[in-house]
Amino acid sequence: MPNQQAESILQVQGLKKYFSVKGFRSKSKNQQVKAVDDVSFTLYKGETLGLVGESGCGKSTTGRALLRLIEPSGGTVLYNNEDILKKSPREFRKVQKDMQMVFQDPFSSLNPRIRIGESIKESLTIHSIGNRNEREEIVMDILGKVGLRSDHYFRFPHEFSGGQRQRIGLARALVADPSILILDEPASGLDVSIQSQILNLLQELQDDFKLTSLFISHDMSVVRHISDRVGVMYLGKLMEEADTDTLFSNPVHPYTKALLSAVPIAKVGKKRERIVLKGEIPSPLNPPSGCIFHTRCPFAMDVCKQVVPEKVEIQDRHTVACHLYS
Amino acid sequence: MEQPLLEINNLKTHFKTERGRVTAVDGISFSVEKGEILGVVGESGCGKSVTAQSILRLFDEKYTASYEGEIKLQGENLLQLSKAEMEKIRGNEVSMIFQDPLSSLNPVFTIGYQLMETIRIHQNRTKKQARQMAIDLLRMTGIPSPEKRVSEYPHQLSGGMRQRVMIAMALACKPKLLIADEPTTALDVTIQAQILDLMLELNEELGMAVVFITHDLGVVAEVCTRVVVMYLGQVVEEANVEELFTTPLHPYTKGLMKAIPQMDGDRSQKLNVIGGTVPALNAIPSGCRFASRCEFANDLCKEKAPDLQVHEGNHKVRCWHYAEISNKEAARHA
Amino acid sequence: MKMKNKFLILITFVLLLAMSACSKGETTGSSTGSKESSKGKSELKLTLSAQPPTLDTVATNSVDSATVARNVFETLVTPNGNFQPTPMLAKSVDLSDDGKTYTFVLREGVKFHNGKEMTSEDVVASMNRWKEASVVAKDLLGDAVFEAKDKYTVTLQLQQPSSGVLNILASTKQFPAIMPKEIVDKATPEGVTEFIGTGPFKVAEVKQNQYIHLSKNKDYQPVEGKADGLAGKREALVDDVYFYIVKDAATRLSAIQTGEYDVNTDVYFEQYDTVKKDKNITTYPDQYGNLMAVYNKKSGLFTDQKMRQAINAAINTEDIMLATFSHKELFNLDHGYMSKDQKDWYTKKGLESYNQNDAKKAKELLKEAGYNGQEIKIIATSDYSEHYDSAVVLQSQLSKLGVNAKLETFDWPTLLEKRKDPSAWDILVTGYSTVTTPAQILYLNPNDHGWTNDAKIADLLAKINAAPSVAEAQPLWAELQEYASNEYVPVTPFGTYSLVAAARSNVKGFTIFQGPVVWNTSVQ
Amino acid sequence: MYIYILKRIFSLVPVLFVVSIVAFLLIYLTPGDPVSVMLGQEATAEQIEALREQMGFNDPLYLQYFHWLINVLQGNLGDSYFMHMPVTTAIVEHLGPTLSIAVLAELIAILIALPVGILAAKHRGSLMDQFVMGFTLTGMAIPSFLFGLILMLVLGVKLGWLPVAGYQPLSTGFWNYLQYLLMPGLALGIIQSALIARMTRSSMLEVLNADFIKTARSKGVKERSIIYVHALRNALLPIITVVGQTFGLLLAGAVVIETIFNIPGIGQLVLNSIQSRDYAVIQGVILMVAFFYVIINLVIDLLYMLIDPRVGY
Amino acid sequence: MNVVEVNVNPKRVKHDLKKQERSLLLRRFLSNKLMVTGSIIIVLLLLLAILGPKLTPFDPYEMVVKERLEAPSSHHLLGTDNFGRDLLTRIIYGAKVSMWVGFASALLSSIIGLAIGLTASYYRYLDNILMRICDGLLAFPAILFAIALMAVLGAKTENVIIALTIVFSPEVARIVRSRALVVREETYIEAIRSQGASAARIIWKHIAPNTISPLLVKATFVFSEAVIVEATLSFLGAGVPAPDPSWGNILSDGKDVIYTAWWMTVFPGLFIILSVLGLNLLGDGLRDLIDPQSSTK
């Protein structure tokens with residue numbers, strides 16, 4: 001766990017991604033989906049920040065926007081004190097070497113027609129690391145580090161199982177020796193026994209490579225296991241952010257509370273008090289006014305319907321956006 | 001003892017594939033009592049879904065699948081029924097819900113139509129009556145303004161709503177047994193919680209038995225009374241839920257439980273890893289099916305397949321030396 | 001939701017209805033013609049192989065047009081069986097002693113289909129339009145003028161005497177049809193829009209690409225005399241005549257075999273045997289025209305007379321004709337530039353150069369001409385099977401001779417364009433229908449069709465045209481043909497051929513002369 | 001949804017624009033002109049040039065196109081030089097036979113293809129299925145003109161069951177009308193049925209594998225209604241697409257079939273007008289056929305919306 | 001993870017693997033009965049087209065007019081045509097022409113279609129223009145369009161290829177585009193984009209190879225369709241011009257003598273059916289081979 005004085009490596013301020021939707025039925029011409037709405041957080045060197053939320057909460061979009069896979073609509077992302085969102089594509093390429101991503105679906109994140117060694121090597125080619133022979137060696141080396149054999153180099157993705165493919169995905173992300181890793185649900189879709197392999201490997205590699213990670217997941221227990229700090233997202237907004245142990249032992253936002261209580265626990269005898277939220281997640285096309293959560297919040301007050309709650313630091317390194325605490 | 005509601009004896013389901021015959025479910029036996037919720041848990045490819053669908057004989061018996069063994073519903077062997085008789089059972093005595101509620105609902109018919117269809121197949125109702133019943137069912141499963149919803153199409157509903165519709169449809173004829181095949185896997189946690197609550201509620205209210213198929217041990221712990229653990233087409237362990245979670249016996253069950261990240265307690269500990277991968281169905285090892293991944297396996301395991309043996313009461317396990325393993329572990333902890 | 005469905009169904013139906021409405025409108029529109037046809041037996045159905053571009057025969061050279069139009073329009077004089085001009089709408093024709101003035105006395109009481117009586121002003125208007133439109137007429141008649149002397153007398157005043165005047169007036173294609181003056185006056189370059197003539201049939205309906213329906217002209221006044229060629233008494237024996245446009249030869253054949261149609265005016269040569277064998281069908285071969293290779297004498301290799309002679313010596317016309325027409329009865333190898341049936345003109349002079357099939361001589365001539373493998377481009381149209389087939393055989397024969405011959409085929413309009421371009425071809429394989437005077441022979445015309453450019457030929461032609469009578473012109477023609485065949489070689493004729501019409505045996509009185517003759521024909 | 005339909009209709013405009021430009025260019029680039037055809041086989045060069053000038057064919061291309069476009073926008077496709085009638089009239093006159101054949105062929109095709117395709121899907125892998133697949137493969141391999149010739153030879157000439165050629169409008173009596181259409185209809189329809197049957201089979205197979213079929217089965221729905229109610233309606237979308245496409249193909253196939261069976265339809269009209277370089281007609285017909293094609297696509301889209309409530313959102 | 005570090009010679013492994021992959025592909029190919037049948041038919045036809053001319057004693061252009069329209073006999077195995085040329089020889093040379101026309105137009109339209117499809121899929125601003133043009137061209141019925149094009153270009157074998165290429169390219173372009181649009185959305189494209197790959201690299205190294213499978217399948221069907229359209233064009237007199245033989249123009253000549261010389265219709269007809277059948281089988285098989293999900297058995 002990083003100490004308190006850890007230096008920040010990536011500062012995200014007011015990140016926004018609005019998609020315009022041309023609906024046939026909508027009255028206004030261009031409706032906007034606020035997939036990510038004013039999200040700010042900081043990544044400290046060496047830590048793993050977990051980003052959790054249910055589907056459609058904008059956590060994946062956030063990850064992609066940082067790498068400009070989706071061009072953000074607003075905000076700043078400071079890396080080495082430079083706003084990487086303002087860089088030209090050519091300049092941004094250098095940043096891309098340092099920030100790598102691991103994708104959720106190990107089946108579709110590898111080009112089926114390219115031998116996996118070549119897939120991994122491509123990153124080196126793009127960033128002109130090493131010469132021909134060196135590159136091959138680097139790749140063989142990294143294959144070993146993620147627990148694959150060097151003769152796997154010449155095989156095609158379809159010859160691998162899901163777990164192995166996720167190892168390949170990790171190898172590809174790590175081969176260019178990045179400093180930041182963005183992991184988008186890297187262990188979802190895998191069976192429990194495989195998932196544990198990947199999570200363990202991930203932890204090992206983070207130490208080996210001295211990585212800073214943003215770990216995006218919908219699985220609370222996985223996030224708890226792997227992250228140092230956790231941010232909870234709901235409908236494009238960051239609701240609560242705290243150190244992992246704080247958040248899981250003492251959640252303050254009603255949504256976080258509900259989310260945590262909804263996770264089924266593989267233990268018996270301890271019947272917990274469950275907060276079952278009423279209703280569904282509102283459509284992001286037509287988000288509620290005020291606090292975005294008020295439609296489902298068991299503690300909703302009048303003010304929640306009108307005023308968007310500010311982010312408040314209720315405790316050291318524990319922030320929450322809720323009227324109950326402001 | 002009272003006759004169980006459903007009794008499966010040595011069920012085998014074979015499939016014809018391009019690479020020859022494959023036995024996806026190989027000698028499964030378990031029973032379901034009235035009103036209980038039986039969990040069937042296992043990782044992908046373990047045959048849990050095949051088992052579920054075999055109970056209703058949903059596979060095409062003419063060209064692809066064949067069954068062996070017995071599936072007794074209240075003493076009547078379903079595998080010996082004619083097509084027409086089977087159709088009377090389905091949706092009426094035994095009904096089913098599936099993992100993906102979107103693809104499981106016919107996209108081109110209204111929800112009302114699909115509900116009324118079930119009702120009118122099995123019950124002699126007029127259209128009007130059936131429609132009213134459909135609305136009542138939707139209300140029962142907690143769908144707001146059901147009068148409006150009956151004339152909507154599946155794609156107009158959210159995932160959670162769709163699963164409620166599926167449940168309403170499955171419950172239309174007040175079946176004695178509901179088979180739920182991963183009913184919450186595709187849903188978000190908060191929605192999953194709603195659906196699980198609903199199922200528990202309905203189980204209590206209507207008293208039907210449920211076979212709950214899932215890969216999520218957490219869900220099992222929350223809703224089931226008894227659990228069957230499957231691995232590669234076989235039952236490896238069966239127990240009451242408390243017993244399974246407190247004293248799991250099979251190395252696989254144990255490994256699985258320790259592989260899950262926990263929601264409380266120490267998180268600095270490494271997760272347990274079950275090495276290797278599940279063998280393919282057409283390359284099943286001759287001995288114990290788990291042997292290749294089991295850290296305790298010895299030559300016996302590799303040569304001879306163990307039977308499902310009774311540990312005590314209704315706790316059964318398929319392992320040659322589960323007792324030794326438990327002792328060893330106990331010793332290690334001590 | 002309900003609302004949405006209803007709306008959709010509505011839209012879909014509206015669209016479908018709109019689509020079917022088109023077809024409905026069409027079917028009712030076309031019903032008028034066919035209702036009459038189902039009335040009785042008194043109809044004759046013929047097939048035509050192509051849609052005539054117009055029924056105004058003055059505006060086109062098309063044979064198909066003439067085939068239909070001759071039933072509707074009549075001329076002052078018309079050819080008899082020996083191609084000799086015979087009065088038709090004229091009661092009599094007189095030539096002045098100086099050979100410069102023709103006087104036509106019209107028959108009285110001849111009525112147009114619109115009920116109007118034909119008078120000299122109609123004749124003069126018609127004849128003048130024709131004179132401008134027809135190339136041959138223009139060439140031959142030049143500044144001559146038609147004048148109305150009185151209501152029933154028309155004169156033609158020539159600048160100098162000419163032998164072929166009456167022959168041209170009795171042309172079978174682009175013939176000088178007599179129409180009412182007011183219709184002539186309204187004519188555009190594309191032709192007249194109303195088809196009003198004096199013939200035994202009138203135009204009832206023209207259904208493009210489908211049929212042309214003629215109906216009996218009840219007020220028709222025939223000339224006296226035995227029917228012969230196109231001359232003599234004409235009588236409409238059926239109420240309705242349909243010319244169905246059937247482009248496909250196989251279809252035409254099966255259609256007549258099954259009795260779908262009564263007459264097939266264009267039996268494909270290859271089918272001649274089949275038709276002949278059919279007991280229910282009678283065949284009518286009709287001397288039609290000749291087929292030849294026209295040399296490009298304006299540019300390229302064939303500006304050299306030796307080259308022309310060489311190719312001419314090499315050609316085996318018998319093979320060409322047999323391969324093209326399949327049956328010996330359908331072609332004639334005894335070939336002059338004018339047809340054998342044209343008793344006034346036909347001559348055997350120069351025929352020794354025809355059908356030589358002498359490879360040795362050809363090779364020598366080629367050597368003399370200095371030919372060493374340059375490409376020779378043969379062009380032909382693929383739209384007419386006889387042109388196409390004979391060109392294929394010609395190419396094969398030349399290849400065998402060692403000549404680097406390439407065949408290019410085009411559809412008819414493209415060929416017409418290519419033909420005009422002297423740099424586009426060396427040999428043009430084409431056919432010409434029978435003409436009535438040497439003046440009408442196009443390949444002797446210096447402006448087109450191979451650009452014949454020879455002083456002697458031009459001189460002889462002028463003399464022939466200027467000769468006061470055919471008898472005096474004939475020796476000149478023989479001289480021309482001899483010279484052209486043996487020396488100049490503007491073309492190599494392959495042979496003359498017949499088109500075959502076939503009629504079902506219950507068609508009585510049917511004859512054929514440069515096309516089917518429909519009057520005096522009945523169906524039993 | 002109204003906007004959706006409007007949008008679909010509006011999207012036809014650029015397509016038709018492209019079509020008209022291409023058609024115009026094609027015509028411009030084609031050697032030969034109507035004048036030489038009009039004047040007949042033995043006309044001279046001067047005659048032709050004179051008439052060309054008179055008819056305005058020597059105007060620059062863009063000017064000709066512009067004039068034409070202005071007219072078309074006013075609903076006037078121009079006049080045929082040869083037929084001396086408005087192109088619209090000519091098209092309408094020739095549309096009936098072609099549409100009749102196309103509709104009949106489509107009916108025949110569907111009547112054969114649907115049951116056969118469904119049966120094959122239902123009994124996949126069986127002898128019946130293999131037979132159907134064999135039939136469809138062969139069907140797709142036979143060019144329509146060849147099949148037309150064979151039919152003509154057998155049904156018309158040898159057996160004499162049907163008239164070999166020609167066309168009689170509906171007003172001459174239904175049977176009369178039908179018997180002339182039957183052979184061309186069969187020639188096109190049977191070949192099209194091969195395509196549709198294949199699509200029906202594969203589409204049905206796909207749908208039969210869908211989850212909701214399992215749901216229906218688990219509800220106790222009878223096998224018959226699973227196939228004819230649950231599966232068929234879902235399988236219909238790709239089938240309708242193919243039917244629409246084949247309808248487009250039928251219009252093209254009609255060119256050949258109309259030649260063989262001598263049916264005065266659009267195909268004949270187009271061939272004749274190409275042969276005679278009747279520019280206005282070629283242009284008009286091409287535009288019309290393309291328009292028809294896009295309209296069919298539109299109708300298919302609307303049918304989609306009728307069948308599948310998801311479309312249009 | 002306990003990883004056994006095997007000492008491997010990469011070159012060897014690569015070689016072995018390639019061998020393995022080849023034999024696997026061969027096995028999959030052999031287990032695909034349709035495809036094997038189709039391939040055999042096509043290979044036989046190709047052999048006929050290539051070797052046939054050397055085996056036949058006749059010249060395809062040599063006319064023996066006196067022997068015209070002879071029925072099949074031991075001298076002329078398939079009879080003679082209306083110019084007295086040996087029909088079998090004509091059909092063999094016709095195979096050469098027909099197969100060449102089909103192959104060349106399939107190849108050309110694949111190349112052009114690929115270029116258009118990829119461009120349209122990647123550069124969205126071009127997409128609208130290119131696809132509207134394709135839509136426009138597709139709105140022409142294929143045969144009519146081909147006839148019109150032949151009228152423009154003139155009757156020549158090469159022009160048939162050009163015309164067919166123009167007719168079929170838009171179809172290919174649409175297939176490539178729709179496939180490319182799917183591929184574009186694949187995570188591996190996002191992954192390579194996240195590495196900072198250039199547009200050219202993404203298009204040519206990642207998108208293009210993944211459109212090859214459907215392209216190959218489509219190309220086979222274009223091939224077979226081209227054979228039919230060529231035959232139809234030649235049948236209508238707008239295709240391969242005389243004296244060159246193609247199945248279509250032999251049939252066209254044969255149609256007129258269908259009553260007296262059935263062999264001129266039947267034999268070239270059979271060859272057309274056979275070749276198209278073979279190609280369709282091949283295409284179906286390829287599709288199954290490439291995309292096992294579409295396999296319907």
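Quick note on labels: first sequence line is chain A, next is B, and so on, each numbered from 1.
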Next item on the list: Please flag which part of A:Arg64 lies under 4.5 Å from any non-hydrogen atom of chain E: side chain, backbone, both or neither.
Entry: side chain
Note to self: Measuring from atom OG of A:Ser119 to atom NE2 of E:His206, what distance do you get when rounded to the nearest 0.5 angstrom?
What the structure shows: 6.5 Å
Check: Do you know which of E:Ile192, E:Asn210, E:Asp16 has the most heavy-atom pairs with chain A at a distance under 4.5 angstrom?
Finding: E:Asn210
Check: Which value, rounded to the nearest 0.5 Å, describes the distance between E:Ser198 atom OG and A:Arg90 atom CZ?
Finding: 10.5 Å
Note to self: Atom CZ of residue position E:Phe103 - does it have more than 12 heavy atoms of other residues, nucleotides or ligands inside 6.0 Å?
What the structure shows: no
Note to self: Please classify the contact of A:Phe92 with chain E as side chain, backbone, both or neither, using a heavy-atom distance under 4.5 Å.
What the structure shows: neither
Margin query: With heavy-atom distances below 4.5 Å as the criterion, would you say the side chains of A:Gln104 and E:Thr187 are in contact?
Written below: no
Item checked: Winner by heavy-atom pair count (cut-off under 4.5 Å) against chain E, out of A:Arg115, A:Lys97, A:Arg155 -> A:Arg115
Note to self: Is the shortest side-chain heavy-atom distance between E:Tyr188 and A:Pro112 below 4.5 Å?
What the structure shows: yes
Notebook entry, point to check: Can you name the nearest heavy-atom pair linking E:Ala191 to A:Ser109, along with the distance?
Noted result: CB-O, 4.2 Å
Next item on the list: Identify which of A:Val95, A:Leu67, A:Leu110 forms the greatest number of heavy-atom pairs closer than 4.5 Å to chain E.
Entry: A:Leu110
Notebook entry, point to check: In terms of heavy-atom contacts, does CG of A:Asn81 have more than 12 from other residues, nucleotides or ligands at under 6.0 Å?
Noted result: no
Note to self: Please determine whether the number of non-hydrogen atoms from other residues, nucleotides or ligands lying under 6.0 Å from atom CZ of E:Arg124 exceeds 12.
What the structure shows: yes
Checklist line | E:Gln195: which of A:Gln96, A:Gln100, A:Met101 passes side-chain contact (heavy atoms from CB on, under 4.5 Å) | finding: A:Gln100
Margin query: Heavy-atom pairs under 4.5 Å with chain E - which of A:Asn111, A:Ile126, A:Val102 has more of them than the others?
Written below: A:Asn111
Checklist line | Pairwise distance NZ(E:Lys205) to CZ(A:Arg113) - rounded to 0.5 angstrom | finding: 14.0 Å
Check: How many angstroms lie between CG in A:Leu69 and CZ in E:Arg193, if you round to the nearest 0.5 Å?
Finding: 5.5 Å
